[in-house]
Amino acid sequence: MGKKLTIFLVDGSETGPRTIEIGNWSGKAVYSQRSSLPKIIERQEFNRPGVYILKSMPNNDSYNERMYIGEAENLRKRLKQHLADSDRDFTEIAAFISKDEMLTKSHIKYLESRIITLAKEAKTAEIDNTVQPELTTLPEADISDMEYFLDQIKLILPVVNFMFLVPSTLKQSENATVLEQPSNNSEMVYTVKSKKVAAKLIETEKGYVVLSGSQSSKTTSNSISEGWIKQRNKLIETGVLIDGGEFYIFKDNAIFSSISAATAVVLGRQAAGPVEWVDSAGRTFKQNQEKKFEGELNEEN
């Protein structure tokens with residue numbers, strides 16, 4: 001089922017600060033670049049308790065973003081402290097408050113702890129938080145409310161290009177659902193066409209997943225792009241790719257946004273991803289895609 005998001009451009013600029021709301025959700029998000037924050041910090045939203053995320057340039061070239069997650073009973077006061085701190089070099093901010101003032105100190109501390117945990121589990125961005133706050137004890141009904149609040153935060157963040165909660169691997173609880181396939185549909189699992197490494201891949205709604213236990217070449221060619229090198233290095237640093245002697249081994253099921261990215265990381269070289277993976281019948285991913293969409297076009301005609 002779809003979701004309706006209402007985005008309001010505070011100053012009418014396509015790159016300026018904005019507020020974001022979802023249907024009947026009691027929460028509200030405020031996004032701003034650092035340069036615009038002093039202009040909007042006196043808005044009433046910042047005079048409330050809430051959680052916030054500061055986005056900075058990464059220190060490690062393997063990542064695209066660096067994040068700091070915080071909470072405050074008065075967002076305005078806390079954010080002014082960050083603006084005055086020359087060591088807090090953030091470039092963008094996303095803050096979340098409640099429109100009906102339902103968020104208490106215990107609620108925002110719960111949300112802060114959960115967001116930090118999810119951010120570290122996602123293995124997608126550098127996380128500046130060195131301390132993991134304890135998860136606040138809440139009544140069962142309040143936990144349900146906060147988990148729903150958190151779900152809306154997770155929906156909104158990618159809309160403002162905060163991607164740190166989008167996981168780079170599949171959790172164990174998700175594996176059974178994602179990997180479950182009919183026995184007569186074995187073409188859904190693809191094997192890389194290589195005599196040097198052995199790897200398996202499936203296509204899912206989350207992306208292209210290289211299955212745990214697959215191998216990755218330890219050597220890289222000069223042809224591989226810098227972007228694939230960065231993604232590969234990030235997988236090594238986060239423990240998704242581990243040393244397996246002659247090869248790297250995928251410890252977890254790793255999600256890739258494109259089949260070419262998955263191929264480059266596995267083979268250690270630039271390659272045309274759709275033709276490098278074959279199903280059990282020897283058909284390439286490209287052939288199966290062409291067959292699928294040609295059939296759909298013929299049905300429409």
Side-chain angles (χ1 to χ4, degrees), residues 55-67 117-129 157-158 161-172 174-175 178-179 188-279 284-286 289:
K55 180 177 179 179
S56 307
M57 295 298 293
N59 293 321
N60 188 322
D61 289 340
S62 298
Y63 297 93
N64 294 321
E65 55 188 14
R66 177 164 52 96
M67 299 296 183
T117 297
L118 292 173
K120 291 180 177 179
E121 289 178 350
K123 302 179 180 180
T124 301
E126 279 187 88
I127 306 302
D128 269 352
N129 299 76
L157 285 171
N161 202 32
F162 280 48
M163 307 303 293
F164 70 103
L165 292 185
V166 178
S168 59
T169 61
L170 289 178
K171 293 182 181 179
Q172 191 64 34
E174 295 176 302
N175 290 350
V178 173
L179 303 180
M188 292 291 290
V189 178
Y190 292 88
T191 303
V192 71
K193 290 195 305 181
S194 172
K195 295 180 180 179
K196 297 181 179 180
V197 295
K200 293 184 181 297
L201 172 144
I202 60 172
E203 182 185 17
T204 74
E205 291 182 357
K206 293 179 179 291
Y208 300 90
V209 180
V210 176
L211 303 184
S212 62
S214 294
Q215 298 171 343
S216 172
S217 172
K218 278 194 169 182
T219 59
T220 58
S221 71
N222 293 331
S223 68
I224 190 171
S225 73
E226 183 178 348
W228 303 152
I229 288 289
K230 287 176 62 176
Q231 188 163 9
R232 175 187 172 92
N233 289 341
K234 183 174 74 173
L235 292 174
I236 294 170
E237 291 178 15
T238 55
V240 177
L241 275 179
I242 60 175
D243 194 333
E246 186 179 354
F247 312 100
Y248 286 120
I249 303 295
F250 283 84
K251 181 182 177 182
D252 302 306
N253 296 318
I255 305 171
F256 294 86
S257 59
S258 74
I259 195 169
S260 292
T263 309
V265 170
V266 167
L267 298 179
R269 60 176 172 82
Q270 208 74 12
V275 300
E276 293 286 350
W277 299 86
V278 295
D279 63 18
T284 67
F285 178 84
K286 179 181 179 181
Q289 291 293 99

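For this chain, numbers begin at 1 and follow the sequence in order.
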Completion exercise
CZ of Arg269 to CD of Glu276, rounded to nearest 0.5 Å, is 5.0 Å
Fill in the blank from the handout: Of Asp252, Leu201, Asn253, Thr169, the one forming a side-chain contact (heavy atoms from CB on, under 4.5 Å) with Val209 is Asn253
Handout entry: Modelled atom types, side-chain donor and acceptor of Ser258 and Ser260, under 3.5 Å
Key = no
Handout entry: Atom pair CZ/CD1 of Phe247 and Ile242 - distance to nearest 0.5 Å
Key = 14.0 Å
Problem - Close side-chain approach of Lys234 and Thr124, heavy atoms under 4.5 Å - result: yes
Exercise for the section: Could you go through the side-chain contact (heavy atoms from CB on, under 4.5 Å) check for Phe250 and Val266 one step at a time? Expected result: CA-CA 9 Å; Phe250 283 84; Val266 167; 4.0 Å; yes
Handout entry: Any side-chain heavy-atom pair of Tyr208 and Phe285 under 4.5 Å
Key = yes
Exercise for the section: Please examine the side chains of Gln270 and Trp228, heavy atoms only from C-beta on, and report whether any two atoms are closer than 4.5 Å. Expected result: yes
Problem - Close side-chain approach of Glu126 and Glu65, heavy atoms under 4.5 Å - result: no
Exercise for the section: For the pair Asp61 and Lys230, find out whether any cationic side-chain nitrogen is under 4.0 Å from an anionic carboxylate oxygen. Expected result: no
Problem - Within-4.5 Å side-chain heavy-atom neighbours: Phe162 and Met67 - result: yes
Practice task
Specify the closest pair of heavy atoms between Arg232 and Leu241, including all atoms of both residues, with the distance to one decimal.
Solution key: O-CD1, 4.3 Å
Practice task
Calculate, to the nearest 0.5 Å, the distance between atoms CG and CD belonging to Asn233 and Glu226 respectively.
Solution key: 10.0 Å
Fill in the blank from the handout: Nearest heavy-atom approach of Ser216 to Val197 is C-CG1, 4.1 Å
Practice task
To the nearest 0.5 angstrom, please state how far the CD1 atom of Ile255 sits from the NZ atom of Lys123.
Solution key: 11.5 Å
Problem - Side-chain heavy-atom pair Gln215, Ile249 within 4.5 angstrom cut-off - result: yes
Handout entry: Shortest non-hydrogen contact from Thr220 toward Ile229
Key = CG2-CD1, 4.0 Å
Exercise for the section: For residues Val265 and Val210, determine if any side-chain heavy atom of one lies less than 4.5 Å from a side-chain heavy atom of the other. Expected result: no
Problem - Step-by-step side-chain contact (heavy atoms from CB on, under 4.5 Å) determination, Ser194 to Leu267 - result: CA-CA 8 Å; Ser194 172; Leu267 298 179; 3.8 Å; yes
Exercise for the section: Measure across Tyr63 and Thr238 and return the closest heavy-atom pair with its distance rounded to 0.1 Å. Expected result: OH-CG2, 3.2 Å
Practice task
May I ask you to check whether over 12 heavy atoms, not counting those of Lys251, lie within 6.0 Å of atom NZ?
Solution key: no
Problem - Atom pair NZ/CH2 of Lys200 and Trp277 - distance to nearest 0.5 Å - result: 9.5 Å
Problem - Ala122 to Val166 - nearest heavy-atom pair and separation - result: CB-O, 4.1 Å
Exercise for the section: Return yes when atom NZ of Lys218 has more than 12 non-hydrogen atoms of other residues, nucleotides or ligands closer than 6.0 Å, and no otherwise. Expected result: yes
Completion exercise
Tightest non-hydrogen contact, residues Asp243 and Gly245, listed as OD1-N, 2.8 Å
Handout entry: Heavy-atom check, side chain of Met163 versus side chain of Asn161, under 4.5 Å
Key = yes
